Structure formats: C-alpha cells, structure tokens
Novice: 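Next up is a structure, given as structure tokens.
Below, each value reflects all heavy atoms present in this structure, side chains not excepted, and no hydrogens, waters or symmetry copies. Numbers restart at 1 for each chain; the letters A, B, ... are given by sequence-line order, proteins then strands. Keep in mind that this is a model prediction, so the values were computed, not measured.
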Protein chains: 2
Amino acid sequence: MVVTIKDVAKRANVAPSTVSRVIADSSRISLDTKKRVRKAMKELGYYPNVNARNLAVRSSQAIGVIMPSSAETALQNPFFPEVLRGIGSTAHETEYSLYVSTGGNDEQLFEEVKRMVYGNRVDGMILLYSRVADPIMDFLVEANFPFVVIGKPYEQESRITYVDNDNYHASLELTNHLIDYGHRHIAFIGGTTDLVVTMDRLRGYRSALKKANLDFKDDYIVHDEFLRSSGRKAVERLFSLKKPPTAMVIADDMMSLGVINMLEEFGVDCPEDVSITSFNNLYLSELIRPALTTVDIQIYMLGVQSAKCLIEKLKHKEEPAKRIIIPYSIKFRNSTKNIN
Amino acid sequence: MVVTIKDVAKRANVAPSTVSRVIADSSRISLDTKKRVRKAMKELGYYPNVNARNLAVRSSQAIGVIMPSSAETALQNPFFPEVLRGIGSTAHETEYSLYVSTGGNDEQLFEEVKRMVYGNRVDGMILLYSRVADPIMDFLVEANFPFVVIGKPYEQESRITYVDNDNYHASLELTNHLIDYGHRHIAFIGGTTDLVVTMDRLRGYRSALKKANLDFKDDYIVHDEFLRSSGRKAVERLFSLKKPPTAMVIADDMMSLGVINMLEEFGVDCPEDVSITSFNNLYLSELIRPALTTVDIQIYMLGVQSAKCLIEKLKHKEEPAKRIIIPYSIKFRNSTKNIN
DNA sequence: GTGAAAGCGCTAACAT
DNA sequence: ATGTTAGCGCTTTCAC
C-alpha cells in the first residue's frame, strides 16, 4: 500500500540508507545513483513519512504560532491574519510548516504549548503577544526552547529574541500631535494592562503630557481588550465624565472603530467635537469615516521578521538573542482637528 | 534529558506497554496501576512524543487547512480568517491541531498537499475553496483521503462531503431585489470563472434577468479575483461602456469596497446613481458608506460545520458523503436605491 | 491485568 | 561511494 524508503531502495537496487542520503542530497552519493534513486521515487510515487523522519532526527519542520489565549476572539482583529500572512510567507519560502494554536483559555493554551514542545511537534515558536508574567514565556525560557516574540518581553529582555515597534515614541509623537493641535484634555484608551504594548504606549502618552505640563488624570485612562466593543464601552465611560476629553489616543484601530460608532450614537462629531488618533493602520482605518490618523506599525513585516529570526535561530542553535525594531510611520488622515 | 514512556514505566514499576495503555485509558488496567502510572507521569513531567505516536498508529491528530494557492493574497480577504476561526474553534474542542497551508503557486500547493497526505502529517483536510477541475481535489478523491470542501464540488458532487450556501438562490434574490427597485441595467462582478461559487452566483443572476425578460449582456459581466483592486478595475471597465449599468451584483464585499472607492473617484454616487448588492457580509460591509446590502453567508458557521463533518468522517471511516447547506440571509442596508 | 517483543519509516553512526 | 545496523518513542499483538 504505502510506499516506503525500502521499496524505493529495492527498486533502485541500493540500500535504504542510500535512499535516505539521496533525499538529503548528500554530497557523497554518485550522481549516477542519485538519478537512479530519484527515478525510482518518481515511479513509485514516494513521499517521505514525516513522522518517521521527525522521530529519527528529533525535529519537525514546523513552527508553532501562538495566538493569545482566546484565538477565537483574537482572530476578530485583522492584526492576526496580517502577521500570519507575514509568517506564512517566510515559512513557505523556507519550507517550514505552520502550526497554529487553537486557543481556549490560558490553561489550555499552556497545555497546547507543552504538547508542541515536549511532543516534538514544532521546532520553535512565535508568540504573537507579550504579557507581563506570562507562564508560557517563562516556560519556554526555562525549557530553553527556541522562540521569538512579537512585542517586547516583560523580563529578561536581553535574553529573548523579539520583534517590536518603538511604541513608546510612536505614542509620544501621536500625543504631541494632539497637543500641537491645541488639545488639553486627552484620554488614553489602551489594551489590557497585562500587555507590554499597552504599558509602552501609555508611557509615551504620559511623557508627552508631562512635557507639555498637562495633568495626567486617571479618569482619562481606560483599559480593555482590542475589540470594537471595548471602544464603545470606553466612550460610554469617558463621556459620562463632567469634563469629557476633546481628544483621545487609542491603542488599536479596531477599538477606534467602536469609539467612532459610539460617538456617532452619542451625537458627538469626530473630528469636530473630538479628535482621535490610533494604532495599527489596519486597512479599515482608511475606509471608515473619518479616516483614522493612525500609526502604521507594519504588521506584515513584524510577521516576516519574526519568522526569519526564528528560522535563523533554528539553523544556528547558538545564535544570540536579537532585538529587531520595525520602524513605524504615522498616517495623518481626518480624525483629528486643530482647535488652536 | 527528555522523559519517555520508559522512564515513566520504570518509576511506576510497570512495563512500557502498561504506560501506553494508561495513556489510552484502556479498560483492562486496574485503577490502582493507573493511579500509580499517572502519578509517575506528573512527577516526571511526561509528555508523549507525537511523532512516535503518529508513526506507530499511522495518524496525527491534525487537520490540514488548504487555502487557495496564494494564501498570501487570500488572507487579505477577511473571509479566510473568519472560516479559520470557525474551524479552529471546532478543532480546539475536539483536540485536533491545525495545520495551515502556506501557499505559493498551484504546483507548490499541490506538493504541500501531497506531503501532508503521504507524509501522514494530517488525518484529513478542509479545502477552503472549490474550483473546476482542481487537481488537488481529484488527487484527494483518487487517494481516498478524507476531506471536506467549503463550496460546491464541480464534479462527483454526491461523493464528496461539502458545506456550502445556496448561492444560486441568494444571487437570484439579490438580483430580483434590484429589478424590483426598477433597475434594468444590471451588471455582474464575479470571482474568477474557475470558481464554482462564481458560476452559481452568475446562474442566479441570469435566471433573475430571464424571468424579468431582461437582456443578458456580456459587456455587463466581469470576472476577477476577490480583491479590492479587482473592484476598482471592474468599475473602470463598466463605466467606459456607452451605457453603464445602474446597478450591480457583486460577488464579494471586498470587491464591493473597491467598487465604491472607484465610483467615488469617478464622481458617481452610490446609491444615487448606481445601486450595489454584494456577498459575504464581512464586518466591513456595515462600516463603509454606503453600508452594503449584502448576503450574510455565515462564514464562521461554514468553518465550524466543515470541521465537524471532517472529524466525524475521521472517527467513522465509512461515514457517507454529506451535503450541508448553511442558510443565508440578506442584510438590507443603504447601497441600493428604488428608482421606480 | 500486565509484560515481552516486534515493528511503524526513517536517519546516522559505523563499516567497508 | 554505499551497505549494515541500531535506534528514535510509541503501540500492539501475543503470551502468561
């Protein structure tokens, strides 16, 4: 039924090991036998059994992609398909396969990761997020398993390879833009506080306020998931304040979308009554009205680079930890207004 | 270093085979030994090596997800992440892993599929598209490999399990809606002609025209990829006609997006000057202005159901071929105008 | 109810 | 340059 290396060997009149060497394109096999063996493979329709191979060499040619615990919710944000595109493209070029986590809750995800690692399912992995005190990251470090993270690690920064943007400065710049435009009441809507990216962007925002001698008000800070619904909720909170903000820095376009929707329902006009700046430059950010002024973080590139790093690391076990900062650029569009 | 079944066996004072049976939760192992073995596994931090297991049982607990050949382009359409979400959710529940194709060209994809099949990488697969004369589908049928397709197979419909919408009637209904609204010059912008879904939707459109005694004009038919750019190109063509259409049936929201953009650039107002109806109900369809009248095909559900079918099939080898039609509903929004 | 041993398909010394 | 052989870690007869 299934054709194995032995069948090929028989047909080509060589030993199985020779066939194996031909597969690996070993240099110490004569061109002649190579040809014969390859011919036999073609004729028999031979395909190597990856499980056997992986078992023998203790590796798979696969990389694991770890989404945040609830992959299902996460995939609602176009950020993830977009990094996936980048990763997939590199994986394809280098003939690696892609294994993606299927989510569940934190604990289940952790189990899935362990199965991938101990079960030899993947040779390395890419974490698509970075949280403070993430058991998964700790585990990977501990196990000395090759991985790279998209985002900045919370601890052991210098020992972990990661691909990130300069979120601090991007946020600073964004906030400055708002200040330049005359805004003095600027709110910040960020992701959950356990995400490092949230902290970085928040820091940038605070620095900008400080430099401009503006008060930092706790009321103006909202944290929630990178979802549309979170944006809506945030607006509800902020606009029930005695003094609602006239501008906001929002950490994700999807959230901004929710913000704009809710603002509309509240009868608050953007950018007339309130200015918005955002992050990610998802393609929808130029579709909606007003088109968003947002930071292009080059999501696709984040994916490509992280995969490249990982694969290098797999090839050369002792590759040092690297840090790659993907440049950002601010796309100025119509969601802010100069009120000077 | 790595802890194997032997280590566990030693620790629990049993034979490796017993450990194996405990893993499989065999009924002929005494509760007592089970406990002992499980304890040993915990203590040692044992995780089964999937490669070894798969090799022994000739299966993986993984399902392959095949995107259209250029996964990279495809992922630009939110349709794919959305089905992926559905598939992933089911996979997670049933403890299957997900293996996604990384694209390339047709030939490379075919090779990837063969590697998955012959290499025992996956137990079954889900095709996320259906084309006429698709070598991959032929191959899977031929090899008698378990798979399900999202969309309607071109041939051997009764022998292949698939999950689809009633695209014919949806399209018919959409076109009728336009006709009811007084439109007589209705164009059709569809996907490439090799996709079955394109044909089905085109048939629906034609039937509607016929019943209303309207001419079918070749000039009014455009075929291209499900991309934004295709929508733009289509508009260029259609609006260089002596008599441009006053309405269009568009087979994908992403295309519709391009159409609307281009229309705007042409100074043609939608829905004032031209009405648009579309397919898929991507979340962006309610974001853009005008909000799209579009067919909700329940993408997520397509994913969930296809995965369910596949897994059933894997469990019961002789499960008959099934056809599952996911109901659609038309979301009426603001992209059409009654010109009666 | 449990153990011994063969074998899944491949690779990698070690020979020659 | 090629063959022989011993595993890789697990499952599964077949014994007992």
Novice: So what does B:Asn13 hit on the nucleic acid, given a heavy-atom distance under 4.0 Å: a base, only sugar-phosphate, or nothing?
Specialist: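 Sugar-phosphate: the residue B:Asn13, judged by heavy atoms under 4.0 Å, touches backbone atoms but no base.
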Novice: Taking atom C1' of C:dA12 as reference, at what distance in whole Å does atom CD1 of A:Ile5 sit?
Specialist: 12 Å
Novice: Give a yes/no on whether any side-chain N or O of A:Ser30 is located under 4.0 angstrom from OP1 or OP2 of D:dA1.
Specialist: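 Looking at the OP1 and OP2 atoms of D:dA1, neither is under 4.0 Å from any side-chain N or O of A:Ser30.
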Novice: Would you kindly give the CG-to-P distance between B:Asp25 and D:dT12, to the nearest whole Å?
Specialist: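 Answer to the nearest Å: 14 Å.
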Novice: Any protein N or O atoms within reach of nucleotides 13-16 of chain C? Criterion: under 3.5 Å, listing atom names and distances.
Specialist:
{"residue": "C:dA13", "atom": "N6", "partner": "A:Arg21", "partner atom": "NH2", "Å": "2.9"}

Novice: Taking CD in B:Glu111 as the centre, count heavy atoms belonging to other residues, nucleotides or ligands within less than 6.0 Å. Is the count above 12?
Specialist: yes
Novice: Should the heavy atoms of other residues, nucleotides or ligands under 6.0 Å from NZ of A:Lys35 be counted, would the total exceed 12?
Specialist: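 Counting neighbours around NZ of A:Lys35, 12 or fewer heavy atoms of other residues, nucleotides or ligands fall under 6.0 Å, so no.
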Novice: Give the residues of residues 114-121 of chain A touching DNA chain D, defined as any heavy atom closer than 4.0 Å, sorted by residue number.
Specialist: none
Novice: Are there more than 12 heavy atoms of other residues, nucleotides or ligands under 6.0 Å from atom OH of B:Tyr162?
Specialist: yes
Novice: More than 12 heavy atoms of other residues, nucleotides or ligands under 6.0 Å from CD of B:Glu319: is that the case?
Specialist: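 Atom CD in B:Glu319 is crowded, with more than 12 foreign heavy atoms closer than 6.0 Å.
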Novice: Rounded off to whole Å, could you give me the NZ-to-P distance for the A:Lys35 and D:dA1 pair?
Specialist: 16 Å
Novice: Quick one about B:Asp32 and B:Ser30 (side-chain donor to acceptor, distance below 3.5 Å, no hydrogens or angles considered), yes or no?
Specialist: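 Checked: B:Ser30/B:Asp32 side chains show no N/O donor-acceptor pair below 3.5 Å.
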Novice: Ignoring hydrogens, what is the shortest heavy-atom contact between A:Val3 and A:Asp7? Give both atom names and the distance.
Specialist: CA-OD2, 3.3 Å
Novice: Show every salt bridge (Lys or Arg N to Asp or Glu O under 4.0 Å) that has at least one partner inside residues 9-19 of chain B, sequence neighbours left out.
Specialist: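 For residues 9-19 of chain B: B:Arg11-B:Glu43.
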Novice: Can you name the ring pair (Phe, Tyr, Trp, His ring centres under 6.0 Å) partners of B:Phe110, sequence neighbours left out?
Specialist: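 Result, ring pair (Phe, Tyr, Trp, His ring centres under 6.0 Å) vs B:Phe110: B:Phe139.
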Novice: Pair B:Asp134, B:Tyr129 - check side-chain hydrogen bond (donor to acceptor under 3.5 Å, both in side chains), show working.
Specialist: CA-CA 10 Å; B:Asp134 184 22; B:Tyr129 65 93; 3.2 Å; yes
Novice: With respect to the phosphate group of C:dG9, does any side-chain polar atom (N or O) of A:Thr4 fall under 4.0 Å of OP1 or OP2?
Specialist: no
Novice: Return the value, rounded to whole Å, for the distance between atom NZ of A:Lys6 and atom P of D:dT2.
Specialist: 21 Å
Novice: Roughly how many Å is it from CD1 in A:Ile29 to P in C:dA12, rounded to a whole number?
Specialist: 13 Å
Novice: Test A:Arg85 against A:Glu82 for salt bridge (charged side-chain N to carboxylate O under 4.0 Å, His left out), laying out the working first.
Specialist: CA-CA 5 Å; A:Arg85 262 185 66 214; A:Glu82 187 68 2; 2.9 Å; yes
Novice: Short of 4.0 Å, heavy atom to strand atom, which residues of residues 43-57 of chain A count as contacting DNA chain D?
Specialist: A:Leu55, A:Ala56
Novice: Closest approach to the side chain of A:Arg58, judged atom by atom: which nucleotide of C:dG9, C:dT2, D:dC8 is it?
Specialist: D:dC8
Novice: Got a donor-acceptor contact below 3.5 angstrom from the A:Asn77 side chain to the A:Phe226 backbone?
Specialist: yes
Novice: Determine to 10° how strongly the helix from C:dG1-D:dC16 to C:dT16-D:dA1 is bent, judged from the axes of its five-pair ends.
Specialist: 30°
Novice: Taking 4.0 Å as the cut-off, does a side-chain nitrogen or oxygen of A:Thr33 come that near to OP1 or OP2 on D:dT2?
Specialist: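 Yes, within the criterion.
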Novice: Test your reading of the model: is there a side-chain donor-acceptor pair from A:Arg36 to the backbone of A:Ala12, 3.5 Å cut-off?
Specialist: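 Yes, the answer is positive, given that a donor and an acceptor are paired below the 3.5 Å cut-off.
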Novice: Should we say atom NZ of A:Lys322 is surrounded by more than 12 heavy atoms from elsewhere, each under 6.0 Å from it?
Specialist: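 Above 12, so yes.
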Novice: Considering residues, nucleotides and ligands other than B:Tyr154, do more than 12 of their heavy atoms fall under 6.0 Å from its OH?
Specialist: no
